[in-house]
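These notes are about the structure you will find just below.
Below, all heavy atoms of this structure are taken into account, side chains as well, without hydrogens, waters or symmetry copies. All of these numbers come straight from a predicted model, not from anything done at the bench.
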Amino acid sequence: MKGDSAISSWQLAVLLFLSRITYFFLAEPRSEGPQALTAAIWIPISILANFLLLLPAYLLLQKNKGKGLLDIAAERWGRLSLIFPAGFLLFSVCVLVQTACSFSYFLTSTAYPQSSPWLFILLIFGVAGYAASMGYEPTARFGSFVFVALSAALLFVCASLWPQAQWEFLRPPVYDGWQSQLQLFVRLTLGNVETAALLFLLPAVAKNKGGVFWRWGILSVVVLDGIILFAAAVLGDYAQTQRFPFYAVTKIAELSIFQRLDSLHVALWVFMTLVRLALFLEVGGKSLARLLPSKVSRYAISICAAASALLAGCLTRWPYALERVGNLFAGGGPVLLLTVLLPLLLLWSKRKGEAGQ
């Protein structure tokens with residue numbers, strides 16, 4: 001693995017934002033989910049809830065500046081600390097597999113229906129693995145380019161379809177029951193896997209580590225709310241029948257320069273998926289490196305990419321198993337364990353160690 005060079009808080013915020021929005025493009029909003037206005041209201045509330053959940057971990061990192069969670073755990077728990085890299089590795093592999101399967105399903109069901117999922121999975125993991133092996137900085141630079149391209153694409157679509165938007169399609173939250181809204185809140189808050197990546201990658205930020213969360217949060221609220229509301233206003237009730245609503249929006253977008261924008265957006269989503277995979281390959285690969293002998297630890301990212309690709313290709317044949325993985329993350333258990341419970345245990349052990357000295 002090449003360098004662990006520092007990146008800026010803005011660069012990490014952009015990487016986390018692109019990773020999060022990739023999930024929404026490939027999986028949200030679902031036809032059985034709440035209305036667009038309900039989701040738009042709950043997104044900023046979930047961001048604030050994430051901030052509160054991350055406070056113990058942030059305090060822990062502030063007390064141990066320059067160190068990551070794995071370093072702190074190794075100092076306090078010895079060999080028992082291996083549960084940290086093992087947990088982050090398993091977590092990352094699940095995210096990688098779920099992302100790759102969703103991405104291959106998107107391509108084979110919309111753009112390239114005659115292609116094999118294996119082809120896309122192997123290609124995208126090969127490129128993402130190479131990007132992750134180069135370190136944080138090249139991935140961050142590529143993410144900045146993708147962010148600019150995404151911003152331009154969204155502006156093109158909005159300019160093209162704004163006259164067709166019918167805002168009366170946005171129904172108030174009273175149309176959704178409280179149970180549905182509660183499930184949405186849990187999925188948005190505890191199903192936000194990027195919070196775990198944030199804690200893992202925060203030591204790589206050179207300055208203003210605390211600004212990462214707010215930059216990421218503001219970007220997510222503004223863009224995600226805008227996409228969800230605009231797609232619902234353009235498509236109306238038709239959006240509820242679409243597995244990929246925003247792709248349906250790009251298919252009908254027309255400008256004098258670009259008569260069809262959907263193919264450009266497919267390419268853009270390939271780039272965003274690469275960013276998400278590279279981000280979690282960084283987390284998974286560096287976690288795996290802690291568990292391997294030093295002689296082979298430099299191949300950790302490659303091993304993680306190969307294993308994830310193999311699992312993703314196999315799970316495309318067993319959608320029920322993949323659905324269970326998605327339900328596990330939606331329930332919030334993995335995120336709660338890595339971002340709240342384990343940091344709290346480390347804070348407690350730190351106090352205990354200091355009290356015993």
Side-chain angles (χ1 to χ4, degrees), residues 1-7 11-12 14-16 18-20 22-23 61 66-74 81-101 103 121-143 146 193-205 212 271-315 325 329 334-335 337-339 342:
M1 292 181 295
K2 290 188 179 179
D4 294 332
S5 53
I7 58 178
Q11 286 176 317
L12 180 55
V14 167
L15 291 177
L16 294 170
L18 290 174
S19 177
R20 184 63 174 157
T22 301
Y23 167 77
L61 293 175
K67 298 177 182 178
L69 289 179
L70 303 188
D71 298 320
I72 300 170
S81 66
L82 292 179
I83 63 173
F84 266 84
F88 273 103
L89 173 62
L90 181 61
F91 178 87
S92 300
V93 168
C94 289
V95 174
L96 290 167
V97 168
Q98 187 182 33
T99 301
C101 288
F103 175 71
I121 289 172
L122 293 176
L123 283 176
I124 201 164
F125 267 113
V127 178
Y130 174 76
S133 67
M134 297 298 292
Y136 298 126
E137 191 172 3
T139 303
R141 289 179 179 177
F142 178 67
V146 176
V193 299
E194 281 71 29
T195 53
L198 168 64
L199 292 183
F200 192 96
L201 300 174
L202 199 59
V205 176
V212 175
F271 294 153
M272 292 194 297
T273 303
L274 283 173
V275 170
R276 189 173 211 238
L277 292 179
L279 186 70
F280 281 95
L281 280 173
E282 290 273 7
V283 177
K286 287 180 170 55
S287 298
L288 180 60
R290 300 284 184 127
L291 304 173
L292 294 175
S294 57
K295 292 184 179 180
V296 295
S297 61
R298 59 179 176 174
Y299 304 110
I301 287 180
S302 299
I303 295 172
C304 186
S308 299
L310 180 62
L311 285 172
C314 293
L315 283 179
V325 174
F329 279 102
V335 171
L337 174 66
L338 291 179
T339 61
L342 290 180

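- Looking at heavy atoms from C-beta onward, Leu96 lies in side-chain contact with Cys304 at the 4.5 angstrom threshold.
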*Given the rule in the side-chain contact (heavy atoms from CB on, under 4.5 Å) test, do Ile303 and Leu292 qualify, once you have shown the distances and angles that lead to the verdict?*
CA-CA 11 Å; Ile303 295 172; Leu292 294 175; 4.0 Å; yes
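- With rounding to the nearest 0.5 Å, the separation of CG in Leu15 from OH in Tyr136 is 11.0 Å.
- Not a single ring-ring contact (aromatic ring centres under 6.0 Å, His included) links Phe125 to another residue, sequence neighbours left out.
- Two residues are said to be in side-chain contact when any heavy atoms from C-beta on lie closer than 4.5 Å; Val95 and Glu194 fail this criterion.
- For the pair Leu199 and Leu338, the tightest heavy-atom approach, listed with the atom from each and the gap, is CD1-O, 4.4 Å.
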>> Set out, in order, the CA-CA distance, both residues' side-chain angles and the distance that settles side-chain contact (heavy atoms from CB on, under 4.5 Å) for Phe91 and Leu337, then state yes or no.
In response: CA-CA 10 Å; Phe91 178 87; Leu337 174 66; over 6 Å; no
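- Considering all non-hydrogen atoms of both residues, Leu281 and Ala132 come closest at CB-CB, 3.8 Å.
- Across Leu315 and Cys101, no two heavy atoms sit closer than the pair CB-SG, 4.2 Å.
- Residues Arg276 and Thr22 bring no donor and acceptor atom of their side chains to less than 3.5 Å of each other.
- Surrounding CZ of Phe142 are more than 12 heavy atoms belonging to other residues, nucleotides or ligands, all under 6.0 Å away.
- Interatomic distance, CE of Met272 versus OG1 of Thr99, reported as 12.0 Å (0.5 Å rounding).
- Side chain of Ser133 to backbone of Tyr130: a donor-acceptor contact under 3.5 angstrom is found.
- Of all the heavy atoms in Lys67 and Leu61, the pair that sits closest is O-CD2, 3.5 Å.
- In this structure, CZ on Phe200 lies 9.0 Å from CD on Glu282, to the nearest 0.5 angstrom.
- The line from CG of Leu69 to CG of Leu201 is 10.5 Å long, rounded to the nearest 0.5 Å.
- Across all their heavy atoms, Ala197 and Leu279 have their closest contact at CB-CD2, 4.4 Å.
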*Check the pair Arg20, Thr195 against side-chain contact (heavy atoms from CB on, under 4.5 Å), reporting the backbone distance first and the verdict last.*
CA-CA 10 Å; Arg20 184 63 174 157; Thr195 53; over 6 Å; no
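- Checked by atom type and distance alone, the side chain of Ser19 never pairs as donor or acceptor with a backbone atom of Leu16 at under 3.5 Å.
- Contact check for Val14 versus Val146: no side-chain heavy atoms found under the 4.5 Å cut-off.
- Interatomic distance, OG of Ser308 versus CG of Leu277, reported as 8.5 Å (0.5 Å rounding).
- Taking each heavy atom of Pro85 and Ser81 in turn, the nearest pair found is CD-O, 3.1 Å.
- Residues passing the side chain to side chain donor-acceptor pair (under 3.5 Å) test with Thr139, sequence neighbours excluded: none.
- Rounded to the nearest 0.5 Å, atoms CG (Leu89) and CZ (Phe280) are 13.0 Å apart.
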